[in-house]
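This report refers to the structure that appears directly beneath it.
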Amino acid sequence: MYRSLSIDPDKCTGCLQCEMACSYEYEGVFNPAHSRIKVFTFHQEGRFVPYTCTQCADAWCQHACPVDAIRVDAETGAKEIKENLCVGCKVCTIACPFGTVNYNHDRGKVLKCDLCGGDPACARACPTQAITYVDGDWAGYEKMRAWAARTDNATHA
Amino acid sequence: MRHVIVGRGPAGVVAAETLRAHDRASEVLLIGDEPGPAYSRMAIPYLLARQIREEGTWLRHDTTHFERQRVGQLETRVEALNAESKTLALANGTTLDYDRLLLATGSSPVDPPIEGVDLPRVHHCWTLEDAHHIMESAEAGSRVVLMGAGFIGCIIMEALKLRGVRLTVVEAGDRMVPRMMDQVAGNLIKQWCIDQGIEVCTSTRITRIEPGDEGLWLHCEPGEPMQADLVVVATGVRPNVGFLQESGVEIGNGIRVDAHQRSSVDDVYAAGDVCEGASWQGGRGVHAIQPMAVETARVAALNMVGREATHVGSLDMNVLDTLGLISVSYGQWMGVEGGDSASLLDERSGRYVKLRFDGDHLIGGITLGITEHVGALRGLIQSRRHLGVWKKHLMENPTRFMEAWVSTVP
Amino acid sequence: MGWQKKILRVNLTEGTCISEPLDMGWANEYLGQRGLATKYLVEEVDPKVDPLSPENKLIFATGPLTGTPASTGARYSVITKGALTGAIACSNSGGYFGAELKFAGWDMIIFEGCAEKPVYLYINDDQAELLPADDLWGKSVWETDEILHRVHQDPQLRISAIGRAGEKGVLYACIVNDLHRAAGRSGVGAVMGSKNLKAVAVRGTKGVRVADPERFLKVVAEKKQVLAENAVTGQGLPAYGTQVLMNVINELGALPTRNARDVQFEGASRISGEAMHEPRGSEQKPNLVTNQACFGCTIACGRISRIDKGHYTVVNRPEYWGASGGLEYENAWSLGADCGVEDLDALTWANFVCNEQGLDPISFGATLAAAMELYETGVITDEDTGGIALKFGSAEALTSMVQQVANGEGFGRELALGSRRLCEKYGHPELSMTVKGQEFPAYDPRGIQGMGLTYATSNRGACHLRSYTVSSEVLGIPEKTDPLVTDGKPALVKAFQDVTATVDASGLCLFSTFAWSLEDIQPQIDAACEGDWSLDRLLEMGERIWNLERQFNIAAGFTGKDDRLPKRLVSEPVKSGPAKGLVNQLDKMLPEYYQLRGWDEGGVPREETLERLGL
Amino acid sequence: MPVTFKLYASLMVYLPPEAKRHAVTLEVPEGTAPIQLLERYGVPLADVHLLLVNGVFLPPSQRHRPLEAGDTLAVWPAVAGG
C-alpha cells in the first residue's frame, strides 16, 4: 500500500507554510501562486482547507494526457508530470474533476502534486499536523477515493 | 481469444492497455493505417510551433511499450467488416479473424464543398503528414489563410503565428469557436487575436480557391479576394465509418453504441471520436474530444474482457489556448430553459466566466483567462452536486467554483 | 535578496505608477519596512506638512522576511505622517496582503499627491494601474473586498482598503487588509482617505527569493521549532490569543477601567479570552470559532469569532452571523473595560464594525470612554449626544456610537476627532488619555511603571507596541522585573524600543519575540539578505530607526514637553489592587532615559549620538 | 482561614467543581503555602508560570511562603499577549 497525504482541515490555521514549501520544492522560489497544494479559506465558517491531488488510482489526468507525460512513480504511486514530455495542452487540467492540475504560464507546463518523491515538503512544513504523510490505509484517504469514484464517468463493477 | 482494435489513436491505445491489464492471456492486436509509432493529433500544433520534435507527439514514448504489453501492431487499412464471419477485410487483401472487435477509427477532416480545395498548398492539419506539408510552406513572412476558427483551427493558429507567418483566419460562423464559446467569449477571443496581429474575418465564407502567379487567390463572401501562400483547412471532421457500409453496424452520426460501448452487432464495440453515444445531459451525440475518447475506450475494453462497466454519458469539455488567452468550456454552457445563469465580464483584461445551472446543479460553464482549478467545474457538473448555499455564492461570484467544490468534500 | 529591490511609486495627482529601484544604500542602513520606509518618508516629506494634505505621502512597506517561510513573516507597515498625531505614524499589519505585495515583486509602494476622484490601485505582478473607485466610495471594507474579487475575477486577490471611516476623515481611521487585519493606529486610514485612495488590490505570482536558501531553510526550521516548543507561542497564544491577558492585567490592577478612573474591572472575566471559549447565548456555542494564522505564522494567535444569533446587535442582520475577526486583548479592553461594558457579544459586534468600516478600536473605545466621563460629569448632555445616554457600562451606547462614527453621523462626528480634540473642545483636556494625541492602550502605567515611559516616549503617540515592557514586568519575558518600581525601566524601555524597531524592519511579527530573542532572528535575516547582518549591526540599526523617527517628530514641532502622560496617570493614585496609592513616576524615569539615549535634557538627540548612528 | 484560589486559561480544568468561573473560595489551614494548594488540586507545577498573590508576582522561590487569611492566589500557565 502506498503512503498518502492525509489532510485534517480542523487543524489548519491558514498559515500557508505548505504552499511556500511546495513552491520552493518545485521551483526554488517561495511562491504560493505556483504551489501544488492550496489552502482554501471559508471565511464565514472560520475554516481552512488544504487541498491537493489525491493520486487517484485510475487517474483522469493521466488517461487524458495525449502525449504520455503523466506517469506513475513506482515507489510512491504518485502521478507525476514529466516536464520534458508535457506540451502544455492543458487537457489534464479540465479532465481532473478535483481541479488539482493547474497550468503554469511561465513554464508552459502543467503542475500537480507528485508527493515530492516520497517526502512531501508540505507535510514537513505544516506546523499543526494538518497535513501528514501516512500509510495508505488511512480511512480519510479511502473516503476521498470513494468521493472520486462518485464523480467518475465510468462506474466499474 | 483475440481482441482486435481498429485505430491507433488515444482510444485505441488506451483500450489495448486496458484489455491487457485485465486479461493477461488473450491476444490483443492494434491496427492503424498511418506509418510510424502511434501518435497524438493533439500534439501536432506543438510540432508546428517547433516546441517539440516528432517523438514528442508519440502516445507512448517507450518504443518497446507495446511489445512489452504483448500488443500486436499491424499497419494497414481495414476495408470492410463482416460481422457474420467475425472477420475484417484488410487493404493488403487478407482477412483477419477476431473474437471481439473495437472500432476506434476516429474521424477525418471534411472538405468544404468549394472549388480549389484540392489544389497544392491547400492542406488539412490532421495527420503528421499534413503537418509536414504545412511546415514546408509556412515560413516566416508567408501569407497563410486558416479556414475555420473552430477548436482545431484555433489550436493550430498559435502554432502558425509562432512560425512567423502573416495569418488570416476566416470563419463562417458569427464568432470564433462557436461550438465551444458563447458570443461574448467568442468576440473576446477574436479581439484578442486581432490585438496579437492576426486578421480575423467572421461571418465570412471562402467561395473559391484559384491558383495565381504568386500563390493562391481566395474569393470571399463578403469581402475582397485575398492572396495566400498556404491555406489550412479546418472546417470540421466526421467519423470514419465508410468501411462499415455493408457491415450491419448501425450508424447514426457515428457508430451507435449503448452504455457499454457495444454497437448494434455482437462482439463489436466502438469508442472515441467514431462513436455516437449517450450525452451527459441526455440524448446522444458524437463527442470528439480527447478525455471522452480515452474514457469510452476504457469502458469498451472492460466490457470486452467481461467486466461490466458503464459509460454514463459524455460531458463536453474543451480547453483552448489562443496565443496565451486560455478558454475553457464545459457541458451545457448554452444553458437550459428555466435554468439560472451567472456571469462576470472584464473586457479590459480578457476575463470572463459564465456558469449555467439547472435548479441547484451546475450543468455547464465557460471561463476565459481563468485557468486555476478549472477542473473543479467538471467535478461539480459530473457529480451532480447539490450546491445548496453555494448556488447563491456562485450566482454572486461565479469565480468561486473551486471553493464550492472543496467546501463539499467530506 | 529577501528584497525585491523594486519600489512602486504612485502619483495620485498625475495618475502614474512608476517602478524604481530600491535604494540599496538605505536598505543596508534600515533593512526594510518600518526602518526603510521611514527613511524614504524623512527624505521626501516635509515634517511640517498637514497630514491630510496632498504633500503628505503614504508608504506601504514590506520587510526582507515578509513573504518568506520565516515564521510570522507576514507583516507590512503603513508609514506616513499620522492624521491623529501629526507625528510619524507606522502601523503594522499581518494577514496575507504584505506577502502578496512581495510576491508581485514590490518591496513598497509610495503614494504621493491626491487623486481628483476616488481611485484604487490594482497590481498584477509588474502591471500596476490606478482604476476608478467611484462605485466603491461609500462602501465598507468588506463590500470593497467582495466587489474587487468579483470585478477582477480572481479569488486569490489580496486587498487592503479603507472603509467609510477613512473616507470621512475619522482621525483614527485604519487600513484593513484581508477583511480583519489592520494597520490600525495613528489615523493612517484618514491619510489614505484624504488622498481619495480607496483600496490596494494585489495579486503576485513572482515569488520571493532569499540570498542563501539552504542556510535560510535550515535556520528557519530550527526557529520554528523554538516557537513550537515555547509554552507561550506553542500553546498559550494559539489557544487564548492575546485575550488571555484580560484576567492577568485585571488581577494585577493595571487594567484601565472607565477612562482609567479605575484599574480593575469587575466584568473582566466576562470579556476575557477564557470567556470566549464558553458556550453562551441562544445557540450555546462559544464566541471563539477558531484561531487563525497570518501568512507564514506558526503561532496562529488570531481570533475568529461569531456573534450569537440571538444577540440584539445581530437579530435580523444575517450579514453579521458569519465568523470574522474576533476580539484581541486591546480591543476587548478599549471597547469593554475602558467603557465599562461587559457584554462580550456587543464588544465583538463593535469590533466587527471597526473592521468593516476601518476604525481603530483602541482609539475609538478610548475616545468613547472619555466621552462617557464627560457625559457622566455633565459636561456633555443628551442634547449633544442626540439622546443617547453615554453611560459607562452601556452596551447600547457602544454599539450605536460605533455606527455613528463609522457613518459620520450625529455625535459620531465629535467622537471621530479622537479623545484629545474631543476633550479640548469640551474644555477638559485632562480627561483625554492620550500622548501626542494618541489614545493609550490596555495597560495602566500606574500599575506597570515601564509602560508610562513607553507611552510617553513612543514616537507615534501612546502605544504598547513600541516597547512592550509588559513582557518583562508582568510575564517575565525574557526576565521578570517588578512592575511597581521605576528602577532599571529606562534601560529596559530603550532596549525594547531598539529591538522592536529591528523586528519591525525585518517583516517579522513582534509576537515572535515572546519566544525568540534577537539572537534567534539575526541568523534568519543574515541568511535571507545579502551582506553580513551581525547582531551588533541590527541592534544599532534599531537605535538608528528610533532616532530617525525622533528627528522627524522634532522637525514636525514636537519637543520633550510632548513626552508626557495624561495628568490622571501621574497625579491620581489608583484605588485598588497591588498598585493602590501609586501614580506613574515618569519624572523619575524620563531624564535617565534621555541620558541613555544620548539626548539632551530637552529630549533632542545630541550631535555625537546622531553621528555615531550615521544620521 | 479563607483564601481565594484562581486558575486561568489551560489550568482551569484543575479547579474543583464548586468553582465559579475561574475562582473558588477555600477554607485552608493556617500556614498553607501556594505550592500546597497547587499540589492539592493536581496542578502540574511545570505548567505554572505566572503566580500572583493579591496581584503581586510571586517568584518560584517563594511558593513555599505561607498565605494569609483573605489572600487571593491566581495562577496562569505561560501566557502572553499584546
Side-chain angles (χ1 to χ4, degrees), chain B residues 181-182 184-185 188-189 192 195 324-329 333 340-355 362 365-377 379-380 387-409, chain C residues 15 17 96 100 103-104 119-136 139-159 161 178-179 199 201-207 289-290 292 304 306 309 317-324:
Chain B
M181 288 286 140
D182 65 7
V184 172
L188 275 175
I189 295 172
W192 178 273
D195 293 345
L325 179 60
I326 298 168
S327 51
V328 168
S329 78
W333 54 264
D340 286 320
S341 176
S343 64
L344 293 173
L345 170 65
D346 179 7
E347 280 186 64
R348 224 174 41 89
S349 69
R351 277 178 181 245
Y352 178 59
V353 57
K354 180 187 218 170
L355 299 184
L362 186 70
I366 287 172
T367 68
L368 205 65
I370 297 169
T371 59
E372 297 268 298
H373 312 299
V374 283
L377 289 171
L380 286 168
L387 292 167
V389 65
W390 278 95
K391 167 83 183 286
K392 182 174 161 285
H393 296 327
L394 291 177
M395 287 297 290
E396 283 164 4
N397 183 349
T399 63
R400 296 181 68 194
F401 53 82
M402 185 60 177
E403 291 164 73
W405 169 253
V406 173
S407 77
T408 51
V409 166
Chain C
C17 300
Y96 303 92
E100 196 74 21
F103 296 139
V119 292
Y120 70 99
L121 177 67
Y122 174 64
I123 301 175
N124 187 359
D125 288 338
D126 296 323
Q127 172 207 354
E129 53 187 333
L130 290 168
L131 297 171
D134 305 274
D135 296 346
L136 297 173
K139 296 275 193 291
S140 72
V141 170
W142 295 356
E143 289 165 326
T144 301
D145 192 279
E146 193 183 311
I147 292 168
L148 289 177
H149 276 110
R150 201 162 58 212
V151 164
H152 292 285
Q153 297 180 44
D154 186 354
Q156 318 261 18
L157 204 61
R158 305 291 190 187
I159 293 150
D178 304 294
L179 299 172
V202 189
R203 172 77 154 113
T205 68
K206 298 159 84 84
V289 176
T290 187
Q292 179 177 6
I304 300 297
R306 196 167 7 219
K309 285 180 190 169
R317 293 163 96 176
E319 67 268 30
Y320 294 106
W321 289 356
S324 194

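Note: hydrogens, waters and symmetry copies are ignored here, and every other heavy atom, side chains too, is used. It should be emphasised that the depicted structure is a prediction, and the values quoted were computed from it without experimental measurement. Proteins get letters first, then strands, A, B, ... in listed order; numbering begins at 1 in each.
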Taking atom NE2 of B/H373 and atom CD of C/Q156, what is their separation to the nearest 0.5 Å? 5.5 Å
Roughly how far, to the nearest 0.5 Å, is the CG atom of B/L344 from the CZ atom of C/R150? 7.0 Å
Determine the minimum heavy-atom distance between B/R348 and C/H152, stating which atoms define it. NH2-CE1, 4.4 Å
Does B/E347, at its CD atom, have more than 12 non-hydrogen atoms belonging to other residues, nucleotides or ligands within less than 6.0 Å?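 It does not: B/E347 CD has 12 such atoms or fewer within range.
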So with a 6.0 Å cut-off around CG of C/D135, is the heavy-atom count from everything else above 12?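 Atom CG in C/D135 is not packed in, count stays at 12 or less.
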Which residue is it: B/N397, B/I370, B/T367? I am looking for the one with a side chain to side chain contact (heavy atoms under 4.5 Å, CB included) to C/Q153.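 Single pass found, and it is B/I370.
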Using heavy-atom distances under 4.5 Å, tell me whether C/L131 contacts chain B through its side chain, its backbone, both, or neither. side chain
Check whether any side-chain heavy atom of B/M402 sits under 4.5 Å from a side-chain heavy atom of C/P155, and report yes or no. no
